[in-house]
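Only heavy atoms go into these numbers, but all of them, side chains included; no hydrogens, no water, no symmetry mates. Note that the structure is predicted; figures quoted are calculated from it, not measured. Throughout, a chain's letter reflects where its sequence line sits, starting with A, and its residues are numbered from 1.
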Amino acid sequence: MNSHHFTVKLKESSQEIALSRPVTVRELLQMVVAQLKENEPIVGARVDSKELVDLFHLITGPCEVEFVTISSPDGLRIMRHSASHVLAQAVQELYPDARLGIGPATEEGFYYDFLVARPFSPEDLEKIEKRMHEIVKADYSFERQTMKKEEAIRFFEERGERFKVEIIRELEDAEVSIYKHNGFVDLCRGPHVPSTGFIKAFKLLSSSGAYWRGDEKRDMLQRIYGTAFSTHEDLKKYLDFLEEAKRRDHRVLGRELDLFSIQDEAGAGLVFWHPRGSVVRKIIEDLWKEEHIKRGYHLIYTPHIARIDLWATSGHLDYYRENMFSPMEMGEVTYQLKPMNCPFHILIYRSRVRSYRDLPLRFAELGTVYRFERSGVLHGLLRVRGFTQDDAHVFLTEDQLEKEIRDILFLMKGFMNVFGFQEFEVYLSTRPSKFVGSPESWDLAEKILAAALENAGFKYSVDPGEGVFYGPKIDVKVKDAIGRAWQTTTIQVDFNLPERFDLHYAAPDNTMKRPIMIHRALFGSLERFFGILVEHYAGNFPVWLAPEQVRTIPLKDDVVPRAQEITNDLKAAGLRVHLDARNETLSYRVREAETQKIPYVIVIGPREVESGTVAVRKKGGKGVETQSYAEFKEKVLKEAKIPEIITPQEQ
RNA sequence: GCCUGGAUAGCUCAGAGGUAGAGCACCUCCUUGGUAAGGAGGUGGUCGUGGGUUCGAUUCCCACUCCAGGCUCCA
């Protein structure tokens, strides 16, 4: 194509290579391989810091090339994608009737969807995995080939691959690429590793149904999930991580620690907070209320139902109906259980004339809402049908928006830090295709949100077009103790509801102006956040949150009075403490306290009574330490102190 | 909602077309203990709900309810 001379720059060494003809990445690699520091296989390259390509890619002009090693995030992606092809080959060999869906790499592995007569059983997966190992071991080369679109359609039609044909028809390019290895052919954009032997350590994890293109009206395919790593150690680490996540499952811990339950008899997705869970919730609620009052929020309470007309005005009947419980007809009037708190807060705003002097006006409520989530998506405390949002609505002017958003972000960070969440993933979602309000006001609001994020010192990524129809939003995910990201905070700007409810305030020039509204929830919901906390702490709540902070164990009957005395004293000091004077051995009672994840166990025997000490066993610590009772009490009281939320204004 | 797999004692689970089992938990008694399960005995189940097949169903069939894992991270 291009017979001119050109140079290619290598990113890591800044070395420039003069070329007189187009070369593939593989050829380029061979020219410079001796100089590379990497002792790991190279599986691809990033061109001009943009396009990720494999070794088949032809370089036709000047560019900058960065080689991608197999263990880098890009390299893993390439390798996992190749692993999905190996999976597809194994499946087609073992089940010739299987038709191919798609098989991409994911963040943690890969999957491939197949149309098969019979879903895969665990034994099938074993067989498939075994065949995959053989294919990997044989080290078949991948080959890339391009085809004219028409040709490709014929090719895949002949093979009965109707899903592939559908994909090709939708592509705009005149040519498509296919990848082959050992006779297996798949439509694929690539990139791929040079040969199957590059897939070092992999495992199939599960199979499940998945609709073709996520559309429940179309074919149900069978998806096989797997993961792959560049070393067996990394694979093992990942599998251990999955085990660890299982151990932290809040549904299991919730029962074992007697925190909450969800009961068939009452209904799916409806949460019962047991005493031990309720204690934690109360601490969080009290802290939340206190810290909001300090920052100029007004606490309010609103009803759980309202006349359905209110939901027509708010637009929920048009936009949210399928998630709402059915209306309740009571004679002349029909009522609706609330799926959101906003219309209620608006009614309070509108209950009198507001002045610019009142703004920003902040209403906060731990508001319980009910949403009819589809049965298949319910999951422990994380996805439920009745939950309490830590909700607030701020009514304000455009000028006030930036600072208010910034303050909300600071408050969010302050709360999250207290629970040990230090890392955040922040997303700014911008104008979707369907939206209300003017494009200008959207652009401005997006700019303001971006400025607030930057001024508050948050790194964020933009999700273009992912905003809600009524305004742009910021979503925050927190990273837990084992690195999982959980969606919690959401901050949404709303141009729509102030319009629908015809809200206004008296401006300095005595004209009536329309306020803007912010919806925000920091924890999201108390149920969900509590579930996240259980997993984050693995049930080991810090002393200030622990349902039971101290358990007192008298060694034998004649020291019970002293143990009772100490228990009463700690209780009077405000601690959550229980006496376990049951007729069981010491070991037995210690074990139970340990499995109940109680932070402190104190044992009192004759020795301790004599010396005014307690034998302290700290959860997660090693061994027992005898210390004076006064010393112990002081230490625990210090740890039990409810932390304050620190935000920049107060520093 | 859809797919697959489930539902047996409070929990974890075994079981078979013919009167229902274990361990833990719980209760009682013995044991009075030094840091993760002392011993013995006992209570406890309409085998998820409703229907069908059968002389007989918890077991086989159907429907429903609920639970688990999934249901675009787009060749």
With a 3.5 angstrom cut-off on both distances, give the Watson-Crick or G-U wobble partner of B:C55, or none if there isn't one.
B:G18

Between B:A68 atom P and A:K246 atom NZ, what is the distance in whole Å?
14 Å

For residues A:H85 and A:F184, determine if any side-chain heavy atom of one lies less than 4.5 Å from a side-chain heavy atom of the other.
yes

Using a cut-off of strictly less than 4.0 Å, decide whether A:R589 has a side-chain nitrogen or oxygen near OP1 or OP2 of B:U32.
no

Pair assignment for B:C74, Watson-Crick or G-U wobble, requiring both distances under 3.5 Å
none

Any strand: nucleotide that pairs with B:A9 via Watson-Crick or wobble, under 3.5 Å:
none

Expressed as a whole number of angstroms, how long is the span from A:E166:CD to B:C74:P?
17 Å

Is it the case that atom CD in A:E423 sees more than 12 heavy atoms from other parts of the structure closer than 6.0 Å?
no

Nearest-Å distance for atom pair CD/C1', residues A:E170 and B:U72
12 Å

Do the charged groups of A:R617 and A:E594 touch, with an N to O distance under 4.0 Å?
yes

Applying a 4.0 Å non-hydrogen cut-off, can you work out what A:Q596 is touching in the nucleic acid: base, sugar-phosphate, or nothing?
nothing

Report yes if a side-chain nitrogen or oxygen of A:T585 is closer than 4.0 Å to either non-bridging phosphate oxygen (OP1 or OP2) of B:G38; otherwise report no.
yes

Walking RNA chain B from its 5' end, the first of A:L378 and A:M220 to be reached, judged by nearest nucleotide, is A:M220

Checking contacts here: which listed nucleotide (B:G1, B:G70, B:U31) is nearest the side-chain heavy atoms of A:Y211?
B:G1

Between B:A75, B:C67, B:C30, which nucleotide has the shortest distance from any of its atoms to the side chain of A:A268?
B:C67

Counting any heavy atom closer than 4.0 Å, what does A:A593 reach on the DNA or RNA strands: base, sugar-phosphate only, or nothing?
nothing

Counting side-chain heavy atoms from C-beta on, which of B:U72, B:G1, B:U12 comes nearest to A:R374?
B:G1

Side chain of A:R255 (C-beta onward), nearest among B:U12, B:C30, B:C71
B:U12

Which base sits across from B:G50 as a Watson-Crick or G-U pair, both distances under 3.5 Å?
B:C62

Check: A:Y600 ring centre within less than 6.0 Å of A:F632 ring centre:
yes

Integer-rounded Å distance: B:A75 P and A:D113 CG
12 Å

Between P on B:C74 and CG on A:L100, what's the gap in Å once rounded to a whole number?
19 Å

Taking the side chain of A:L586 as heavy atoms from C-beta outward, which of B:G34, B:U31, B:A36 is closest to it?
B:G34

Can you name the nearest heavy-atom pair linking A:H250 to A:L381, along with the distance?
NE2-N, 2.9 Å

Residue-phosphate contact under 4.0 Å: A:H85 side-chain N/O, B:A75 OP1/OP2
no

If you only use heavy atoms from C-beta on, which nucleotide in B:U72, B:A37, B:G33 is closest to the side chain of A:D557?
B:G33

Nearest-nucleotide pick for A:Q222, side chain only, options being B:A36, B:C3, B:U35
B:C3

B:G45 pairs with which nucleotide, Watson-Crick or G-U wobble, both distances below 3.5 Å?
none

From the set B:C71, B:G69, B:C74, return the single nucleotide nearest to any side-chain atom of A:R189.
B:C74

Nearest to the A:V377 side chain among B:U35, B:A75, B:G1, which nucleotide is it?
B:G1

Mate of B:U4 where both pairing distances stay under 3.5 Å, Watson-Crick or G-U
B:A68

OP1 or OP2 of B:U35 sitting under 4.0 Å from any side-chain N/O of A:Y600?
no

I want to check one thing: is the phosphate of B:C71, taken as OP1 and OP2, less than 4.0 Å away from some side-chain N or O of A:Y225?
yes

The side chain of A:R251 is closest to which nucleotide in this list: B:A68, B:G33, B:C26?
B:A68

Phosphate contact (B:A25 OP1 or OP2) by A:R591 side-chain N/O below 4.0 Å:
no

Step through it carefully: locate the ring centre of A:F110, locate the ring centre of A:Y112, and say whether they are under 6.0 Å apart.
no

Rounded interatomic separation in angstrom, taking CZ from A:R223 and P from B:C71:
6 Å

Can you tell me if A:K556 touches the phosphate of B:G33, counting only side-chain N or O atoms and a distance under 4.0 Å to OP1 or OP2?
yes

Let me spell it out: for each of A:G623 and A:Y112, pick the nucleotide of RNA chain B with the closest heavy atom. Which residue's pick is nearer the 5' end?
A:G623

Side-chain ion pair, A:R247 and A:E244, N-O less than 4.0 Å
yes

Could you tell me the Watson-Crick or G-U partner of B:C29, where both distances fall under 3.5 Å? Say none if there is no partner.
B:G39

